[in-house]
Amino acid sequence: MDEAALLFDQRFWLHMSSTYNTHRRKEILRGVLAVSLIIVGITHFIRPEQYARIVPPPFPPVASVYLSGVLEILGAIGLLIPTVSVTAAWFLIALFIGVFPANIYMTLHNIKVEGIPHSQLLYLARLPLQAVLIAWAYWYTRNPETQLETTDG
């Protein structure tokens, strides 16, 4: 094998290794997001009164909490099923946008929620986290079959 072919071969395998590692990391983070959402969704049923406090007035508090808990769990499960994961990712983006008013309401009214330190500064700092969740879900909106080939690190 001449030097040019060997160099190409090495670059090819380095690229493939990098692509594989990126894909693997992405899939691990998919699992982290899904498990996190399932846990949070379950807490909607264990402590619904905590979430009901932050539901803005036009919405029925308890029903909203149960509905968002079910939707978080279903979205998380869907994210793990290849045939529906893209749809589930878009669904989760819509859900994250849909529950954002509750985060704003909690911040504006300085509502204490058990398990979250009661700090207005922390509540304000927590608001951009929704954008992180939206971006995280958006990462999974491409067709799973093509993600490995087009991921560039």
Side-chain angles (χ1 to χ4, degrees), residues 14-153:
L14 281 172
H15 172 74
M16 291 304 292
S17 175
S18 172
T19 301
Y20 171 77
N21 287 335
T22 301
H23 179 72
R24 185 168 182 248
R25 197 170 23 246
K26 183 175 182 177
E27 291 310 306
I28 289 169
L29 289 171
R30 179 192 303 264
V32 169
L33 178 59
V35 169
S36 299
L37 288 171
I38 289 169
I39 291 168
V40 170
I42 290 169
T43 65
H44 282 64
F45 297 93
I46 295 171
R47 301 300 300 258
E49 71 284 353
Q50 295 299 315
Y51 293 97
R53 292 180 192 167
I54 67 170
V55 175
F59 303 101
V62 177
S64 297
V65 169
Y66 288 140
L67 178 62
S68 63
V70 166
L71 296 178
E72 283 182 9
I73 293 167
L74 290 176
I77 292 168
L79 201 57
L80 298 173
I81 301 170
T83 56
V84 297
S85 66
V86 172
T87 302
W90 283 112
F91 171 80
L92 286 170
I93 290 168
L95 180 63
F96 294 147
I97 292 168
V99 300
F100 190 60
N103 295 331
I104 293 170
Y105 185 75
M106 180 176 103
T107 302
L108 290 176
H109 298 280
N110 200 22
I111 300 169
K112 180 165 178 33
V113 173
E114 202 172 295
I116 299 174
H118 191 214
S119 161
Q120 189 66 19
L121 186 60
L122 179 63
Y123 290 175
L124 284 168
R126 191 173 167 264
L127 290 176
L129 179 60
Q130 212 70 7
V132 172
L133 292 171
I134 289 167
W136 196 352
Y138 182 75
W139 200 15
Y140 302 106
T141 59
R142 298 193 347 238
N143 289 326
E145 305 83 41
T146 62
Q147 286 183 16
L148 182 59
E149 292 88 11
T150 59
T151 302
D152 55 19

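This chain uses plain numbering: 1 for the first residue, then up along the sequence.
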Going by an N to O cut-off under 4.0 Å, is there a salt bridge joining Glu49 and Arg47?
yes
Phe45 CZ: over 12 foreign heavy atoms closer than 6.0 Å:
yes
With Thr43, which residues qualify under side-chain contact (heavy atoms from CB on, under 4.5 Å), at least two apart?
Val40, Tyr51
When the side chains of residues 128-137 are checked against the rest of the protein, which donor-acceptor pairs come out under 3.5 Å, sequence neighbours left out?
| from | atom 1 | to | atom 2 | distance (Å) |
| --- | --- | --- | --- | --- |
| Gln130 | OE1 | Asn103 | ND2 | 3.1 |
| Gln130 | NE2 | Phe96 | O | 2.9 |

Under a 4.5 Å cut-off applied to non-hydrogen side-chain atoms, are Trp139 and Leu29 in contact?
yes
On a heavy-atom basis, which atom in Thr141 and which in Ala89 lie closest, and how many Å separate them?
CG2-CB, 3.9 Å
Is there a donor-acceptor pair closer than 3.5 Å between any side-chain N or O of Gln50 and the backbone N or O of Val113?
no
d(Leu33 CG, Leu80 CG) to nearest 0.5 Å is 9.0 Å
Return the minimal non-hydrogen interatomic distance between Tyr105 and Ile54, and the atom names on each side.
CD2-O, 3.4 Å
Return the minimal non-hydrogen interatomic distance between Arg30 and Leu79, and the atom names on each side.
NH1-O, 3.1 Å
Give me the atom names and distance for the closest heavy-atom approach of Ile116 to Met106.
CD1-CE, 4.5 Å
Less than 3.5 Å apart, which donor and acceptor atoms pair up between the side chains of residues 55-77 and the rest of the protein, not counting sequence neighbours?
| from | atom 1 | to | atom 2 | distance (Å) |
| --- | --- | --- | --- | --- |
| Ser64 | OG | Pro60 | O | 2.6 |
| Ser68 | OG | His44 | NE2 | 3.3 |
| Ser68 | OG | Ser64 | O | 3.0 |
| Ser68 | OG | Val65 | O | 3.1 |
| Glu72 | OE1 | Gly41 | N | 3.4 |

For a quick test of reading the model, state the closest non-hydrogen atom pair linking Tyr123 to Asn110 and the distance between them.
CE1-OD1, 3.6 Å
Applying side-chain contact (heavy atoms from CB on, under 4.5 Å) between Leu95 and each of Val99, Ile93, Ile97, report the one that passes.
Val99
Atom CD of Glu27 and atom OG1 of Thr22: how far apart are they, to the nearest 0.5 Å?
11.5 Å
Donor-acceptor pair, distance only, cut-off 3.5 Å: does the side chain of Arg53 make one with the backbone of Lys112?
yes
Do the side chain of Tyr140 and the main chain of Ala88 share a donor and acceptor less than 3.5 angstrom apart?
no
Quick one: does His109's side chain have a donor or acceptor within less than 3.5 Å of a partner on Ile104's backbone?
no
